[in-house]
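Working notes, structure below.
A quick note: this is a predicted structure, and the numbers were derived from the prediction, not measured. Note that the numbering runs from 1 along the sequence shown for the chain.
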Amino acid sequence: MAASAPAQKSKSVRKIVGEGDAQAGIGPAKTLLDHESFDEVHLLSDYSPAASKEFATWLGCKPVLHAVELTNPSHHGEILDTVRPILERLQRKKDDELVFHLSPGTPAMAAIWILLGKSQYPATMYQTYNGAVSKTEIPFDITTDVLPGLLREPDRYWQHLATRTPQEVSGFESIVGESEAIKAAVGRAQRAAIHDVPVLILGESGTGKELFAEAIHKASHRGNQKIVSINCAAISRELLESELFGHVKGAFTGADKDRKGAFEEADGGTLFLDEVGDCDLAMQAKLLRALQPPPGEGPCQSVFRPVGATKDRVVDVRIIAATNKDLSAAITAGEFRDDLMYRLSIVTLKLPPLRQRSKDITQIAKSLLVGINSRLKKQGGTSYQDKSISADTIQFMQRYPWPGNVRELSNALVQASMMADGKALKPQDIAAAVAEFPSAKSDDAMNIPLGGDFVLESHLIDIQRHFLRRAMLEADGKVTKAAKLLGYKNYQTLSAQLERLDVEFEKETESK
């Protein structure tokens, strides 16, 4: 836009420009506009409306005035909160390239323009000095220069969390165990809790996904608000939409009044979507729409429409989802939307199965038994005697793979406690509860029949391969960590054993 002939400088204009400015006091804004033309010029001013209007007239390009209020022109947070809404409106209104002028204002204002122009609102930047105008090239990019380093070392600033037991981490006290696997999971979950973004929890059935969801909620800034849980697999497809989004009176047969859904119930808090992998594609599309925040809003702003309603509703709710399904395989099979998975998995947390936490089984079992004894004593009165766990029973439980994880362990302890004759639970009590004695397992290392084709040396090599492979899996392929798990003094010994015995293993990876 060409600048028209400038008006005479008034007292207000001289004050805004500054008496000490170079080039006869025309100031950086006028200098830029005398050299460059723009489709629109937007002027942010915290001067009085009259002074701002006089300054705009003097500039001669009919700028759009934005009256702002700053109590401290060097406060970065206040400046950021002031300019963001204006930029958001401009971005929605125009597809044109943004241009930021860095020279006017305080150094804090220039810093905010640089940060925004190199990240959320890509922009060309200009500076003016001594009557000259130049484009400003800033040789760094947040997405290519900063984020890759953070992603390569995501735990650098929080490594201390992975060395603490769950009982030492606020919000996670209900999680039992002190194995490396569970401490790493709790450390990652605690970091996820700090950031107000969606979390996807992956893990086999019975690994404690709901327990972790509740812990993440408690450890977050939303901990004093409500957490609402919905099991997507336990509700019929017809009812799930109403359960999530609510409905209005008359929306369907039986809808005799308005009803809030889980999104609205959890407003300000957390919504836990358990077994989200069981949602059908139609429901996935509706979830995706609800989880798409409005332009310029944070990742926890959800927009949805109750069943039968004519207007959308907006809530502030943090989403934690969980599934025991392989979502990558489901996406390949066309059973799950990849865009929904990416929306849910801003942070992904993979929980270890109980077979990778044998160190925790004693503590978990004893903790579960306290509650079991209490419940069974209330039911049976004086006829029930509190149960304990013998040392050989602990050893049996540590050898058993627990395919049903902690849930199976809990069920086995309940059944064994009810059926056992003595006060101490014996291995056969637990074996009966899981319907499998160790001697019945054809692959049990200690119960293979002697004679025939049995060769002790070959059998010992198979056992060694088994534990080497298991250690590498539990260490996620890291030889140094696996060597420590096996009790080797150095990783070179393990490397030699892996090569000598030709041990193959598949490194487990987290879904992204």
Side-chain angles (χ1 to χ4, degrees), residues 92 196-202 205 209-214 216-218 220-325 327 330-331 334-346:
R92 288 199 298 266
D196 210 19
V197 296
V199 177
L200 177 63
I201 304 176
L202 305 174
S205 179
K209 295 186 288 294
E210 185 169 6
L211 199 62
F212 265 81
E214 292 172 351
I216 291 171
H217 170 72
K218 289 178 183 176
S220 73
H221 74 90
R222 299 171 181 264
N224 294 327
Q225 303 299 319
K226 183 187 293 187
I227 178 171
V228 177
S229 299
I230 291 289
N231 188 323
C232 299
I235 302 172
S236 67
R237 291 184 301 172
E238 294 75 16
L239 293 178
L240 184 56
E241 183 178 3
S242 175
E243 288 292 322
L244 289 172
F245 307 128
H247 62 255
V248 298
K249 182 179 179 180
F252 49 82
T253 303
D256 55 354
K257 60 181 179 180
D258 291 355
R259 181 182 181 277
K260 289 183 179 180
F263 271 85
E264 202 163 356
E265 289 283 352
D267 190 14
T270 301
L271 175 58
F272 176 51
L273 300 176
D274 198 7
E275 305 301 347
V276 72
D278 289 280
C279 290
D280 64 13
L281 289 172
M283 191 68 245
Q284 291 173 35
K286 292 172 182 176
L287 264 179
L288 180 64
R289 179 183 181 274
L291 299 180
Q292 180 70 45
E297 299 294 340
C300 293
Q301 293 292 312
S302 294
V303 180
F304 65 95
R305 181 170 296 185
V307 179
T310 57
K311 293 183 179 180
D312 289 340
R313 296 182 187 176
V314 180
V315 294
D316 172 29
V317 59
R318 197 241 185 103
I319 301 295
I320 302 178
T323 183
N324 60 9
K325 290 191 171 183
L327 291 187
I331 290 170
E335 298 170 353
F336 201 85
R337 297 178 62 116
D338 56 351
D339 47 5
L340 178 58
M341 188 189 76
Y342 297 139
R343 176 63 57 186
L344 293 170
S345 60
I346 303 299

Report task. Indicate the atoms forming the closest heavy-atom contact of Pro299 with Pro198, along with that distance. Result -> CB-CD, 4.1 Å
Query raised in the report: Is it true that a side-chain atom of Gln292 and a backbone atom of Arg343 form a donor plus acceptor pair closer than 3.5 Å?
Result: no
Query raised in the report: With no hydrogens and no angle check, is any side-chain donor or acceptor of Gln225 less than 3.5 Å from a backbone partner on Thr270?
Result: no
Report task. Locate the shortest heavy-atom distance separating Ala251 from Gly308; write the atom from each residue and the value. Result -> CB-CA, 3.9 Å
Query raised in the report: Among Lys226, Arg259, Lys260, whose salt bridge (charged side-chain N to carboxylate O under 4.0 Å, His left out) with Glu265 holds?
Result: Lys226
Query raised in the report: Would you find a donor on one side and an acceptor on the other, under 3.5 Å apart, between the side chain of Ser242 and the backbone of Leu239?
Result: no
**Report entry** Nearest heavy-atom neighbours spanning Leu281 and Gly334
**Finding:** CD1-O, 3.6 Å
Side-chain donor-acceptor pairs under 3.5 Å in residues 311-324, sequence neighbours left out?
from: Asp312; atom 1: OD1; to: Arg289; atom 2: NH2; distance (Å): 3.2
from: Asp312; atom 1: OD1; to: Arg305; atom 2: NE; distance (Å): 2.9
from: Asp312; atom 1: OD1; to: Arg305; atom 2: NH2; distance (Å): 3.2
from: Asp312; atom 1: OD2; to: Arg289; atom 2: NH2; distance (Å): 2.8
from: Arg313; atom 1: NH1; to: Glu264; atom 2: OE1; distance (Å): 2.9
from: Asp316; atom 1: OD1; to: Arg222; atom 2: NH2; distance (Å): 2.7
from: Arg318; atom 1: NE; to: Val197; atom 2: O; distance (Å): 2.8
from: Arg318; atom 1: NH2; to: Ala192; atom 2: O; distance (Å): 2.7
from: Arg318; atom 1: NH2; to: His195; atom 2: O; distance (Å): 2.8
from: Arg318; atom 1: NH2; to: Val197; atom 2: O; distance (Å): 3.2
from: Thr323; atom 1: OG1; to: Lys325; atom 2: N; distance (Å): 3.0

Requested in this report: Taking all non-hydrogen atoms of both residues into account, name the closest pair between Val303 and Pro294 and its distance.
Outcome: CG2-CG, 3.6 Å
Query raised in the report: Do you know the tightest heavy-atom contact between Ile201 and Phe212?
Result: CD1-CB, 4.1 Å
Requested in this report: Could you tell me which non-hydrogen atom of Leu327 sits nearest to which non-hydrogen atom of Gly277, and how far apart they are?
Outcome: CD2-CA, 4.1 Å
Requested in this report: Verify, without hydrogens or angle tests, whether Glu275 (side chain) and Ala233 (backbone) share a donor-acceptor contact under 3.5 angstrom.
Outcome: no
Query raised in the report: Among pairs that include at least one residue of residues 254-301, which meet ring-ring contact (aromatic ring centres under 6.0 Å, His included), considering only residues two or more places apart or in two chains?
Result: Phe245-Phe263, Phe263-Phe304
